[in-house]
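Okay, structure first, notes after.
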Amino acid sequence: MTLEKELSIPLDTGDSVSAVLHLPEPPPSPEVDSRGVVIAHGMSNDMNNPLIVAMARGLAQNGVGCLRFNFLYRERQKKSADPEHRLIHTFAQAMARMKKEIGSGPLIAAGKSLGARMAAQAAANGDIAPKKLIFLGYPLHAPGRKDKLRDAPLYRIKQPMLFFEGTRDPFCDLALMDKVLEKITTPVRLNVVDNGDHGFGLPKSDPRPREEIFSGMLETCLDWL
């Protein structure tokens, strides 16, 4: 059993974004340090993305609190993302709200695609201070633009990082990712989803259900945490 609570997170512009808090049942006591994961969504989806919801509920069912939230542009149902500094501010506010919920326990920053990139940038800049980071499909480069890598913030992160990447992801050439990870001095782990695309979807020729893929990713997260 878990608890799910809808929240509103205020921003410094006077706007606010929606969020959903997932907690174990019974919820942790304020006197007990509890871990909390904050998950940001990708460019073309929102906090209700099936993978994000599955991860949030699965973590809570295993005793780890989780908060998923919208960036402001998705809250307004816009297609174009907010400027990077606005995305990072929203991420930081979500982390601060989760901190209120779990007390002094460690926070883990997680993100899917755009959310993963913002988690990395925010941690590299010092705008957030997570204990660890989880990247659900880090977009190492734009499709067809392997000459322009988005690897710079990864080298400045001091915390351990867990990467999930699909073998069919046009946003991440695995050979290039291996080279990037070799240069990182902090502990890293790469989990490859065979046949997975950028959203970890499988081709019709692969009979495995989506739930099986998500469950395997969750188990890896719990083991790593």
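With sequence neighbours excluded, no residue forms a side chain to side chain contact (heavy atoms under 4.5 Å, CB included) with A96. With sequence neighbours left out, K146 forms a salt bridge (charged side-chain N to carboxylate O under 4.0 Å, His left out) with D173. Partners of A60 under the side chain to side chain contact (heavy atoms under 4.5 Å, CB included) rule, at least two apart in sequence or in another chain, are T2, H22. Under the rule for a side chain to side chain contact (heavy atoms under 4.5 Å, CB included), the partners of D197 that lie at least two apart in sequence or sit in another chain are R168. Residues that satisfy the side chain to side chain contact (heavy atoms under 4.5 Å, CB included) test with K99, not counting sequence neighbours, are L107.
If you take CG on D151 and NZ on K179, they are separated by 12.0 Å, rounding to the nearest 0.5 Å. T186 OG1 to L154 CG: the interatomic distance, rounded to the nearest 0.5 Å, is 11.0 Å. Considering CG of N195 and CZ of F200, their distance stands at 13.0 Å, rounded to 0.5 Å. Interatomic distance, M217 CE to L162 CG, rounded to the nearest 0.5 Å: 8.5 Å. Residue Y73 holds its OH atom at 10.5 Å from OG1 of T90, rounded to the nearest 0.5 Å. We find the CD-CD1 distance between Q93 and I9 to be 8.0 Å, quoted to the nearest 0.5 Å.
R35 has its side chain within reach of V64: a pair of non-hydrogen atoms, C-beta onward, lies under 4.5 Å apart. The shortest side-chain heavy-atom distance between F71 and D46 does not fall under the 4.5 Å cut-off. Between V193 and T167 the shortest side-chain heavy-atom distance does not fall below 4.5 Å. Contact check for L67 versus V37: no side-chain heavy atoms found under the 4.5 Å cut-off. Contact annotation: the side chain of C221 approaches that of M55 to within less than 4.5 Å [non-hydrogen atoms, C-beta and beyond].
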I'd like a table of donor-acceptor pairs (distance under 3.5 Å, sequence neighbours excluded) in which one partner is a side-chain atom from residues 109-122, with atom names and distances.
residue	atom	partner	partner atom	Å
S113	OG	H198	NE2	2.7
Q121	NE2	N125	OD1	3.1

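Both I88 and M98 belong to a common hydrophobic cluster when Ile, Leu, Val, Met, Phe, Trp and Tyr are linked at side-chain heavy-atom distances under 4.5 angstrom. Taken together through direct or relayed side-chain contacts under 4.5 Å among Ile, Leu, Val, Met, Phe, Trp and Tyr, L202 and L174 form parts of separate hydrophobic clusters. Clustering ILVMFWY residues whenever any of their side-chain heavy atoms sit less than 4.5 angstrom apart, transitively, puts I108 in the very cluster that holds I39. With hydrophobic clusters built from ILVMFWY side chains whose heavy atoms lie under 4.5 angstrom apart, V38 does not share a cluster with V20. No single ILVMFWY cluster, assembled from side-chain heavy atoms under 4.5 Å apart, contains both L136 and F171.
Screening residues 181-195 for salt bridge (Lys or Arg N to Asp or Glu O under 4.0 Å) gives R189-D223 as the qualifying pairs, with residues at least two apart or on separate chains. Contacts classified as salt bridge (Lys or Arg N to Asp or Glu O under 4.0 Å) and involving residues 198-210 (residues at least two apart or in different chains) are given here: D206-R208. A salt bridge (Lys or Arg N to Asp or Glu O under 4.0 Å) check over residues 51-74, counting only residues at least two apart or in different chains, returns the pairs E4-R57. For residues 6-20, the set of pairs meeting the side chain to side chain donor-acceptor pair (under 3.5 Å) definition, not counting sequence neighbours, comprises S8-S16, D12-R86, D12-H89, T13-D15, D15-R76, S18-E75. Residue pairs meeting the salt bridge (Lys or Arg N to Asp or Glu O under 4.0 Å) criterion with at least one member in residues 122-145, sequence neighbours excluded: R145-D147. Listed by first and then second residue, the ring-ring contact (aromatic ring centres under 6.0 Å, His included) pairs involving residues 112-158 are F135-Y138, F135-F163 (not counting sequence neighbours).
For the residue pair G58 and L218, the shortest heavy atom distance occurs at CA-CD2, 3.5 Å. Shown here for A124 and P153, the closest heavy-atom pair between the two residues is CB-O, 3.6 Å. Shown here for P130 and M95, the closest heavy-atom pair between the two residues is CB-CE, 4.0 Å. Nearest approach of N49 to L51, heavy atoms of both residues: OD1-N, 3.0 Å.
Taking the six-membered ring where tryptophan is involved, the planes of H41 and F69 are tilted, since the angle between them lies from 30° to 60°.
No donor-acceptor pair under 3.5 Å is formed between the side chain of N70 and the backbone N or O of V17. N191 places no side-chain N or O within 3.5 Å of a backbone atom of F164 that could act as its donor or acceptor partner.
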Worked verdict on L190 versus L181 for side chain to side chain contact (heavy atoms under 4.5 Å, CB included): CA-CA 9 Å; L190 173 61; L181 297 183; 3.7 Å; yes
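In Q77, the CD atom is not crowded: 12 or fewer heavy atoms of neighbouring residues, nucleotides or ligands sit closer than 6.0 Å.
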